[in-house]
Amino acid sequence: MPAKVPLQDVDAKYLKIISEFAIDMLSLSGVDEILWHLAQNVVSQLGFDDVVVYLLDPARGVLMQKASFGDKNPSGHEILAPIELKLGEGVVGTVAKTKLPLNVTDTRLFPNYIVDDAPRLSELAVPMLMEGEVIGVIDTEHPKKNFYTPQHERILFALASIAALKIHRANNLVTLQKRVAELEYASKIQDTLFAIAEIIFETDSIKAFYQKLHTCIARLLKADNFYVALLSDDGQTLHFPYHVDQYDQLAEDAELPLLPTRLGITGYALLKNRPLLAHEEQIKALVNRGEIVINGAMPTAWLGVPFGEEAFRGIVVVQSYHGDYRYSEADQQLLVFTAKHIRNAISRMKLKANLTEMALYDGLTGLPNRTLFIDRLNQAIAKLNDTCGDAASTAGVGLVLLDIDHFKAVNDIYGHHLGDELLKVFADRIHAAIASQDTFCRLGGDQFGLLLVDINSEAQCLERVEALREQMQAVLDLGGISLTLSVSMGLVTCFSPGMSATDLLRRGDQTLLRAKLMGRHRLCVFTSGEQAELQETQICQAFQQAADQGELYFSFQPQYRLKDGKLLGAEALLRWQHPRLGTISPRRLLAPLRRQGALELVDAVVAKLILAHLKRYHGAYPEGFRLSVNIASDGSALFDALERMAGEGIELASYLGIEIPESSLGASFEAVVSCIARAKSLGVLVSLDDVGASHASFKYLQEFRFNRLKIAQGLISPMEMAYDNQVILETIINLASTLNIETLAQGIETREQYQTMQALGCDYGQGEFMNPSVSEEKLLLMLTESHLYR
């Protein structure tokens, strides 16, 4: 609050000046406006010859002249030779230090008197106080000795108090407006970050990328004129893949020579290799010094940010031709950020040929992958649909899905290197045996697919598949180790229109599963109608019996903090130890269980097993350690059990995490919202699984508040061969960091992958390189032996 002022002894004419000033303050807003009005329109009415208003700069501890009336005010809002005073220096500095008015009747007798523009005999200075603190001083001088009276002092002090209150409010308003502007800008930055992240995932064409990027940048700064230039490999040419300008037009993908003797501003900034923010006067100075030439219209504001390294360099530029617009340092920082993403996008396009190969073919075996296989399956079905009316055509489609039985045992006994070699030899042998028009692919892991076309009957298809089984069962020689394979196969045929690739694959999965449930090492043919439906029912019943008979258990995949390799969690993976079929992953059973409406059964089993484990062993886990489980439905079985146990005084939620599949986000929005809310209310960590498998999950990150993103294994495994994957990974990790979300990389298989994810700033990782999945006993032993991987 301003200081209280005794006004009972002030003349009426002076009270009128004070009251009018108080009223005037209601219409004034800026600090400078307040101070100049005080000096020129108020204090001047008191009959003083000279007045100067000072403001305190608390950071520097000095008083600065801000407004004046008299000899120091030659015209308008101008101060003649303004000075600064330290606290305690001169009459003004003494008043600021003591916080008390000072009336000097004879300056010749005041040892601390300072002559500013001319010596005077009387000086009166009063502090402007706000809540007991000095914010400034009003100082007035007069050539006559003993000029100022106590009434002058009271009047001036009253004016100083009113001004102090108004200045304080004006400063608060400025601070509030600045904060609001910062929050609005931060929100725009975040929105743009999301938009750019989505562009990288959605756009295959670099031209479309530039167009969408231009739109994103235009949301934050003036970008009517926007272009990107790339330096050729030999450094002699500038290539303009994108150029939008209201005055200067360039042909699409124009190339211009980069002449050292006639550098344009673009080439100048690119060769300097640092951001350049320049306005018209600075650009003209560069021209006058002969450092650049202007080719085309002269911009009034120009901002360019180079990107890339020696082997690949370019620059992104925005410019304006309107004198009322000036780019800022904040604009420059934004463009520096954006240039990084432009570099990544262009690098993607340079690798397009390699990426196409990687996108459609398996890196280990060289066979077509799932994507290409489904495309060829769709083509075969389309051809079948086109010829269905042709009476002379009887050609159909055959689909075979097959698994190598007990493949995990090969990895466990001989090592992953030999397992990989087995897959390659097996792939080569079968691929060489099929007809040229057929397709053999690796769908993932040890599962393969075979597409047979131009078949006339199911019997003919069976004959061709049986011939291939001989090749599959022949002895494989793997560097002195001989192995005879057992293969489970499921066959589906199609001779009529209306079937989709999804339908055929689903039937193939059902039939392959039946082959495995019947004892493996056999070929099963799909049977339609009630029999297939009955088979799914039997699968669900078998799973229920497995839960009742204790055949289900957890295998734990350790999770490590990448920066120091410390063990901080594990993913609990449900396993089915079938008495005849061996170990079965419920992942194979999720599709039939979902169709039978039995996913809640999986969640109930998971909840029962994980809570039983934690009740036995939670004391063995350190603080912050999390066991994560996959949620198949809405997680209510787990949450209900946790709430019951909490009511009994058993708190286990702090040791738990749940993983929500990306596929459920769009399909059951309300259920996911409820699931996340219940988990967070209990203190359960919430992860989004398989981030990066598609771009669909990105649009949900602002709607669902996840604690952690689990990066899809498909982005990690081929990372050494795909720099593009690192671009996507960097985007995911930067986006998560911006939103204060942790990241975890799945499927780390090599030291190079570990180090790359560590360098990209990923928080956690899991995979064969650190540790394969382990038993309950082994996980607990690892915690007592060593908290570090390996």
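Quick note: numbers below take in every heavy atom, side chains included, and nothing from hydrogens, waters or symmetry partners. We number each residue from 1, following the sequence as shown.
- Between the side chain of Gln65 and the main chain of Leu80, no donor-acceptor pair closer than 3.5 Å is present.
- Taking NZ from Lys66 and CG from Leu35, the interatomic distance works out to 8.5 Å, rounded to the nearest 0.5 Å.
- Under a 3.5 Å cut-off, the side chain of Asn369 and the backbone N or O of Leu372 do form a donor-acceptor pair.
- Among Lys710, Gln746, Arg626, the one residue that satisfies the side-chain hydrogen bond (donor to acceptor under 3.5 Å, both in side chains) test with Glu571 is Lys710.
- Formation of a donor-acceptor pair under 3.5 Å by the Gln249 side chain with backbone atoms of Asp245 is found in this model.
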#### Entry: side chain to side chain contact (heavy atoms under 4.5 Å, CB included) evaluation trace for Lys166 with Met128
CA-CA 11 Å; Lys166 184 62 178 180; Met128 291 189 287; over 6 Å; no

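- With values rounded to the nearest 0.5 angstrom, Arg705 atom CZ is found 7.0 Å from Lys680 atom NZ.
- Between the side chain of Tyr327 and the main chain of Gln332, no donor-acceptor pair closer than 3.5 Å is present.
- When each of Asp32, Ile167, Val134 is checked for a side-chain contact (heavy atoms from CB on, under 4.5 Å) with Leu55, only Ile167 meets the rule.
- The distance from atom NZ of Lys272 to atom CD1 of Ile265, rounded to the nearest 0.5 Å, is 12.5 Å.
- A donor-acceptor pair shorter than 3.5 Å can be found between the side chains of Ser328 and Asp331.
- A donor-acceptor distance shorter than 3.5 angstrom exists from the side chain of Gln282 to the backbone of His279, with no hydrogens or angles considered.
- Between Val137 and Val52, every side-chain heavy-atom pair lies at or beyond the 4.5 Å cut-off.
- By the neighbour-count criterion of 12 heavy atoms within 6.0 Å, atom CD of Glu281 is densely surrounded, having more than that number from other residues, nucleotides or ligands.
- In plain terms, the two heavy atoms of Trp36 and Gly76 that are nearest each other are CZ3-O, 3.9 Å.
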### Intermediate values then yes/no, side chain to side chain contact (heavy atoms under 4.5 Å, CB included), Arg313 and Asn273
CA-CA 9 Å; Arg313 296 172 60 186; Asn273 200 28; 3.8 Å; yes

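- Leu729 contributes atom CG, which lies 9.0 Å from atom OG1 of Thr756 (distance to the nearest 0.5 angstrom).
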### Task
Go through Arg262 and Asn295 one step at a time and tell me if the side chain to side chain contact (heavy atoms under 4.5 Å, CB included) criterion holds.
CA-CA 10 Å; Arg262 289 185 56 82; Asn295 300 307; 4.0 Å; yes

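- In terms of heavy-atom proximity, Phe307 sits nearest to Val316 at CE2-N, 3.9 Å.
- Residues Pro299 and Ile283 are in side-chain contact: their nearest non-hydrogen atoms beyond the backbone lie under 4.5 Å apart.
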### Message
One pair to check against side chain to side chain contact (heavy atoms under 4.5 Å, CB included): Cys762 and Leu760. What are the steps and the verdict?
### Response
CA-CA 6 Å; Cys762 186; Leu760 288 174; 5.5 Å; no

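- Residue Met770 holds its CE atom at 11.5 Å from CZ of Arg751, rounded to the nearest 0.5 Å.
- Ile292 and Gly264 get closest at one heavy-atom pair: CG2-O, 4.2 Å.
- Leu568 has its side chain out of reach of Gln559: every pair of non-hydrogen atoms, C-beta onward, lies at least 4.5 Å apart.
- Asp253 and Pro241 get closest at one heavy-atom pair: OD1-CA, 3.4 Å.
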Using distance only, find each side-chain donor-acceptor pair of residues 218-231 under 3.5 Å and give its atom names and separation, not counting sequence neighbours.
residue, atom, partner, partner atom, Å
Lys222, NZ, Asp224, OD2, 2.9
Asn225, OD1, Gln246, N, 2.8
Asn225, ND2, Gln246, OE1, 3.0
Asn225, ND2, Gln319, O, 3.1
Tyr227, OH, Thr266, OG1, 2.5

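- Across every non-hydrogen atom of Thr743 and Ala736, the tightest pair is CG2-CB, 3.4 Å.
- Side-chain atoms of Leu258 and Leu271, non-hydrogen and from C-beta on, do get closer than 4.5 Å to each other.
- Looking only at side-chain heavy atoms (C-beta outward), Asp763 and Arg708 stay at 4.5 Å or farther from each other.
- In this structure, the side chain of Glu78 does not engage the main chain of Pro74 through any donor-acceptor pair within 3.5 Å.
- Contact check for Thr750 versus Phe769: no side-chain heavy atoms found under the 4.5 Å cut-off.
- Pairing each heavy atom of Pro368 with each of Arg376, the nearest pair is CG-NH1, 4.1 Å.
- Rounding to the nearest 0.5 Å gives a distance of 4.0 Å between CE of Met757 and CD1 of Ile733.
- Leu335 is not listed as a side-chain neighbour of Pro275, based on a closest heavy-atom distance of 4.5 Å or more.
- A donor-acceptor contact shorter than 3.5 Å is absent between the side chain of Asp375 and the backbone of Thr371.
- Using a 4.5 Å heavy-atom threshold, the side chains of Tyr325 and Thr300 count as separate.
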